[in-house]
Amino acid sequence: MPRPRQVTTCSGSLVLDDRTSIAFEDDPAVRPIALRLGRWLGIDASRVVPIAHASPDPEKGIVLRASTPRAGRDPAVSLPRDVEEEAYALDVSGARAVVRARTAAGLAYGSQTLAQLAGVRPIVGGTGVASPSPLPCVHIDDAPRFAFRAMHLDVARHFFDKQTIERFVDLLSFYRFNVFHWHLTDDQGFRLAIRSHPELTNVGARRQENGVETGGFYTQDEAREVVAFAKERFVTVVPEVETPGHARAILASHPELSCTGKTMEVPATWGIFEDVLCAGNDATYALLDDVLGEVAEVFPSKLIHVGGDEVPKTRWEACPKCRARMKSQHLSSEALGGYFMHRVRESLGKRGRRALAWDEVLEMGSADDAVVVAWQGAERGAKAARDGHDVIMAPHEFVYFNKRQSRSGAEPGHDEYLPLSRVLGFDPMPAGLSPSEAAHVLGGQGALWTEFVRTPEDVDTLLMPRLAALSEALWSVPVADATAREASFASRSRAQRSMMDRAGIGYFVNPPVGLRAKQTFLDQAQITLALPSLYTDGIVRFTTDGRDPTPSSPAFVSPVDLKDTTSVAARLFLPSGRTSPVVRGVFERTTPSPAMPAPLASLQPGVNYTYVEGDFRRLPDFAKLVGRRGRLPALGFDPSFRKERFAVLYEGFLDVPETGVYRFVATSDDGVALEIDGRRILEDDGTHPERDSDGDIALAAGRHAVRIPYFQGTMGKALSITMEGPHFARAPMPIVASFNTRK
Ligand code: ACM
Ligand code: ZN
């Protein structure tokens with residue numbers, strides 16, 4: 001992993017033993033790669049030997065050949081210009097394994113592939129050692145799809161020490177990422193010591209969280225060590241200094257650089273703060289010039305990230321200094337942001353560096369030569385490319401690993417859902433670009449924001465295995481069919497997992513599938529639980545007494561019949577000892593809700609509604625509201641409804657043909673509930689994006705009263721409900737209503 005461009009297998013294998021040697025192209029750039037491969041494979045340094053460029057390949061053992069090892073770029077400074085620069089070929093036969101590449105970077109990747117095939121590529125900081133497996137006979141021809149393959153880590157919201165950072169970088173290099181985007185500053189922390197401004201970390205690197213002081217920062221020596229560590233692994237460290245927003249940690253020691261001049265602490269809460277760096281004060285630019293000057297000394301990277309996202313303009317609009325600057329420069333407050341970013345880029349430009357910035361700079365009117373990091377969506381990246389900017393694709397809906405991998409709620413992330421399959425389906429190349437526009441798409445990057453991530457274990461849980469999936473999106477030739485893509489990933493992931501287990505790298509384990517939060521039944525039900533597709537070597541264990549399953553709880557082997565109301569808890573156990581979160585469900589025995597005495601005929605498809613306008617955030621109590629009444633041919637929105645800020649109560653009837661349990665799925669944006677015969681069987685209240693919620697009820701054959709309260713806050717709106725029952729395949733809920741009785 002990531003999946004190579006071309007793999008041809010052959011029969012036989014190469015056994016690595018204590019006579020195996022490594023012969024390497026005699027070059028100072030190749031020696032460390034050969035020695036590291038030797039350490040991974042347990043080959044003594046005395047058997048890692050240089051061979052002259054002109055000499056033929058040895059007949060036996062491992063051979064590393066690079067045609068122009070030193071001609072490559074400096075990986076601490078810049079990216080490959082051409083993906084073939086990182087290409088390699090690996091040939092394994094019964095006698096020898098030969099890695100050929102043009103550059104040292106290619107050779108390092110080829111060596112890693114060889115070590116992965118032997119099952120022994122360790123991660124720095126891991127403890128386990130393994131003896132190498134025989135190398136299967138194979139020919140691999142490999143090169144990345146994109147030249148820029150990055151992962152970001154936020155160390156401002158929570159601090160991670162240098163050791164954790166190096167382990168993170170080694171894991172990136174394992175999956176052939178070549179950029180580490182180090183988010184060093186934000187509202188909640190300034191994490192790099194600046195010699196000329198020690199107050200930035202003395203004040204800005206600490207804060208109170210629940211009455212306890214937390215914090216930390218890197219000395220410049222530590223940061224240089226990380227740069228050197230990354231360089232050995234062909235990873236460029238791109239530091240980020242966030243401006244002009246997300247800068248409260250700077251304002252904590254420099255209140256004079258805010259628009260109000262008020263003293264502010266380093267905040268321990270999250271979000272978008274109105275207080276940003278004052279754009280009308282030249283002292284702001286002077287401080288940032290000092291900071292970026294030292295950043296440029298520590299980080300040789302050609303690219304330096306200067307932020308630019310989520311900048312409220314309210315303080316600027318009220319600030320005499322900012323207003324004066326807008327007036328003298330003939331700028332709107334939005335364009336003042338562009339002016340700010342331009343001034344910051346000047347600090348980089350005079351040091352021969354180029355800016356990376358979040359995609360908000362597209363609206364600020366002067367992105368200039370900045371490389372745009374498109375985080376707000378793929379369409380933003382396409383816009384950047386069409387506008388002629390180099391762009392890195394980081395759309396949050398595909399690559400923000402601070403969102404949870406499951407719906408169990410057990411992970412330390414934001415309460416949003418980003419499953420592995422979505423990352424695997426990420427195509428960094430936006431659709432519809434011309435070849436010249438597409439040439440601006442340099443690659444992609446993932447992000448890990450750490451508001452809710454406190455420990456290295458939390459980092460692993462959110463990162464893995466999605467990081468591996470992202471590496472395939474960035475490196476490998478895309479597989480269009482989702483089923484084939486996921487099967488391929490799953491088939492290769494068990495070997496990866498053994499390496500992660502030995503390295504002490506954690507990963508998220510999906511819970512068993514098949515359990516619903518509530519499942520209603522009449523006479524008899526069955527517990528059925530299945531393995532998640534990635535973990536077919538796991539064992540599902542379950543309990544029916546409400547407790548969390550343990551390694552001694554019964555294993556699920558076949559469906560379990562139930563006659564009474566039962567609470568089920570299930571959890572996956574892997575051979576490594578890792579476990580999934582616990583998932584719970586209640587099987588509830590009920591009697592059918594009786595039908596109304598009305599005949600089944602005479603009503604027509606459709607609903608009656610009561611419509612009320614207002615700024616709702618929750619479902620209102622319609623009994624207390626007076627609304628406008630009307631009718632619709634189906635559940636939905638009447639053209640007379642406005643776009644935003646209203647609530648509707650839909651009312652009608654449901655005729656069911658036979659007695660049984662019926663299940664409903666509501667898709668809504670925003671709040672919705674479903675009541676049948678006066679019982680609320682489904683509810684997803686509050687403002688939220690379009691999403692599903694479900695519930696079920698046992699109904700007697702015949703007619704039942706239906707009420708559906710709904711509200712629309714702002715932006716997107718959606719409402720639909722499907723039904724599924726005995727002999728009734730899932731379809732839109734067939735609501736009927738009387739249209740004669742209403743005025
Ligand atoms: C971001 O997520 N605000 C770049
Ligand atoms: Zn100001």
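All ligand and atom numbering here is 1-based and tracks the order in the structure.
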Problem - N-O pairing of Arg167 and Asp161 below 4.0 Å - result: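 No, Arg167 and Asp161 are not salt-bridged.
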Handout entry: Asp187 bridged to Arg207 by N-O distance under 4.0 Å
Key =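 Not counted as a salt bridge, because no side-chain N and carboxylate O are separated by less than 4.0 Å.
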Exercise for the section: Using distance alone, with no hydrogens and no angle criterion, decide if Tyr218 and Glu225 have a side-chain donor and acceptor under 3.5 Å apart. Expected result: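 Checked: Tyr218/Glu225 side chains show no N/O donor-acceptor pair below 3.5 Å.
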Problem - Test item: side-chain donor near acceptor, Asn510 and Ser406, under 3.5 Å - result: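 Not at all, the side chains of Asn510 and Ser406 share no donor-acceptor pair under 3.5 Å.
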Problem - Option among Asn402, Thr450, Asp186 that satisfies the side-chain hydrogen bond (donor to acceptor under 3.5 Å, both in side chains) test with Arg157 - result: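 The side-chain hydrogen bond (donor to acceptor under 3.5 Å, both in side chains) with Arg157 is passed solely by Asp186 among Asn402, Thr450, Asp186.
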Handout entry: Atom CZ of Arg323: over 12 foreign heavy atoms under 6.0 Å
Key =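 No - once you tally the heavy atoms of other residues, nucleotides and ligands closer than 6.0 Å, there are 12 at most.
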Exercise for the section: May I ask you to check whether over 12 heavy atoms, not counting those of Lys350, lie within 6.0 Å of atom NZ? Expected result: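 Buried by this count: over 12 neighbours within 6.0 Å.
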Practice task
Among Trp358, Trp375, Trp182, find the one that has a ring pair (Phe, Tyr, Trp, His ring centres under 6.0 Å) with His305.
Solution key: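 With His305 as partner, Trp358, Trp375, Trp182 yield a single ring pair (Phe, Tyr, Trp, His ring centres under 6.0 Å), made by Trp358.
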Which atom pairs, nitrogen or oxygen on both sides, join ligand 1 and the protein at under 3.5 angstrom?
unit_1, atom_1, unit_2, atom_2, d
ligand 1, 2 (O), Tyr400, OH, 2.6
ligand 1, 3 (N), Asp309, OD2, 2.5
ligand 1, 3 (N), Glu310, OE1, 3.4

Exercise for the section: Would you kindly check if the NZ (Lys) or CZ (Arg) of Arg618 is within the cone defined by 45 degrees around the ring axis of Phe711 and under 6.0 Å from the six-membered ring centre? Expected result: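 No, Arg618 and Phe711 do not form such a contact.
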Exercise for the section: Using 2.8 Å as the cut-off, count the protein N, O or S atoms closer than that to the Zn ion (ligand 2). Expected result: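 Every protein N, O or S atom under 2.8 Å from the Zn ion (ligand 2) counted, the figure is 4.
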